[in-house]
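Throughout, residue positions are numbered sequentially from 1 according to the sequence presented.
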Amino acid sequence: MSYERSVSAPDHRFEPETVWNLQMPEIRFGRGAVEELGFQFHDLGVEDGAHGLVVTDENLADLGHADRVREHLEDAGFEVDVYDDCEREPSLEAVGECLSFVRDEQGEAGYDFYVGFGGGSCLDTAKVTRAVIENGGEPLDYVAEPTGKGKALTQSNIPLVLMPTTAGTGAETSPVAILSVEEKQIKEGISSNHVRADAAVLDPTFTTTLPPDITAKTAMDALGHAIEGYTTHQFDDLLRADDPASRPTYAGRTPITDQFSEAAISLLSSNVRQVVNNGDDIEARSAMLQGALFGAIAGLTAGATLCHAMAYPVGNRYHTFHGETIAVLTPASTLGYNAASDPERFARLAEMLGADTTGMSTSEAAKEAKREYIRLQRDLNVLPSGLNELAGITEDDLDWLAEQTTDTQKRLLRTNPRPVTTEDVHDIFADALYNWE
């Protein structure tokens, strides 16, 4: 581990990290969990008559799901407004529209509480809205330099509860919100424990209306979190921060994140075929939502790595779905290039994915993880075969994508278990053009 990649904070000791911590929202999980949403807010100290906002999208409003959430809150004694104009892969401008709605309706003080309801885009919009309303200013104030001003968030007292309707993004537990900066063709994150929600309410009955393709795409994002969290560097590969408050958000894998990763990989890989083919199977849907939760706890604590770093330039330039972008990049990046970082760990991963590695050497078994993952993708029959099918990407596009990855995603590349150069990233993108013919 090089010095540069081991630095965990601007002010640090020249000794390995010895402490890890796990921070999460309160979690409610299970069929009918939405019925406890009002109780959840009362438990957070919100009083009867408080005025809250549900942040969601037009599709969930049209399906009646947003009304279902609103009615449960009104039955609990709250006043509720609904903002249903969230966009996929939200831009700074789109989040700004939500902030304008809040300020127009409630002034600078905003609402008494917030609910993020939907896929990761809705949840991230709610997270940024709560954070900016409470701390003041605009989203770019809290985006890292040089894109933003790099100001620190200091307040998160207005209650925020997140309710995912997809089994994939992990936004309900993460301390990061991802935004597109369209004029620069990049994605940036606002990363702080003051972005994290106070509670997550996960009800699998909201996921049964997801079509097969969205089910598969979000599942691949969840599986990516679990796999990357399982294969990133260990927490004690970092140098120890002088101040615990400056310990990085993505702080490396630990014994507890390994357990969550292992459970997530098993739940997701063994149930995704069923939910793609039979979306009404509530038991399988529950297993997927639980697997996505576990994957987020693991991967978004230990850290996303090379695959996610490569996915952001692709998504921002070609406007692809994040989950399917992760799906086409994982074989070449996480399961291809990174396998050399710890063959024994990748051999165990192959078995978790369902591969039979009997009689194989450790090196052969490690390579089998990539092949097993591709078999899973092909079985689902709704995912693109590579970057070329995903967005028409060719060899001519790879220089720009590689440079964007190494220039703008240093935060994620630093947590990758194997050092990577721009030339390496170019070759990995080339490998991902076609995962199968």
How long is the straight-line distance from CD of E35 back to CG of D75, given to the nearest 0.5 Å? 10.5 Å

If you take the centroid of each ring, where Trp contributes its six-membered ring, are F78 and H42 closer together than 6.0 Å? yes

Decide whether R196 and S156 meet the rule of one side-chain donor and one side-chain acceptor closer than 3.5 Å. no

Do H51 and F113 make the cut of ring centroids closer than 6.0 angstrom? no

Does the side chain of D258 pick up a donor-acceptor pair with the side chain of Y230 at under 3.5 Å? no

Taking all heavy atoms of L162 and all of L160, pick out the closest pair and write down the distance. CD2-CD1, 3.8 Å

Is it the case that R253 places NZ or CZ above or below the six-membered ring of F235, under 6.0 angstrom from the centre and within 45 degrees of the axis? no

Going from CZ on R414 to NZ on K410, what distance comes out if it is rounded to the nearest 0.5 angstrom? 12.5 Å

Side-chain donor-acceptor contact under 3.5 Å, S385 with E389: yes

Looking only at non-hydrogen atoms, find the nearest pair between L267 and Q290 and report the distance. CD1-NE2, 3.8 Å

Consider only side-chain N and O atoms of Y337 and D424, and report whether a donor and an acceptor are under 3.5 Å apart. yes

Is it true that the side chains of T325 and T320 contain a donor and an acceptor less than 3.5 Å apart? yes

Side-chain donor-acceptor pair under 3.5 Å between Q274 and E283, yes or no? no

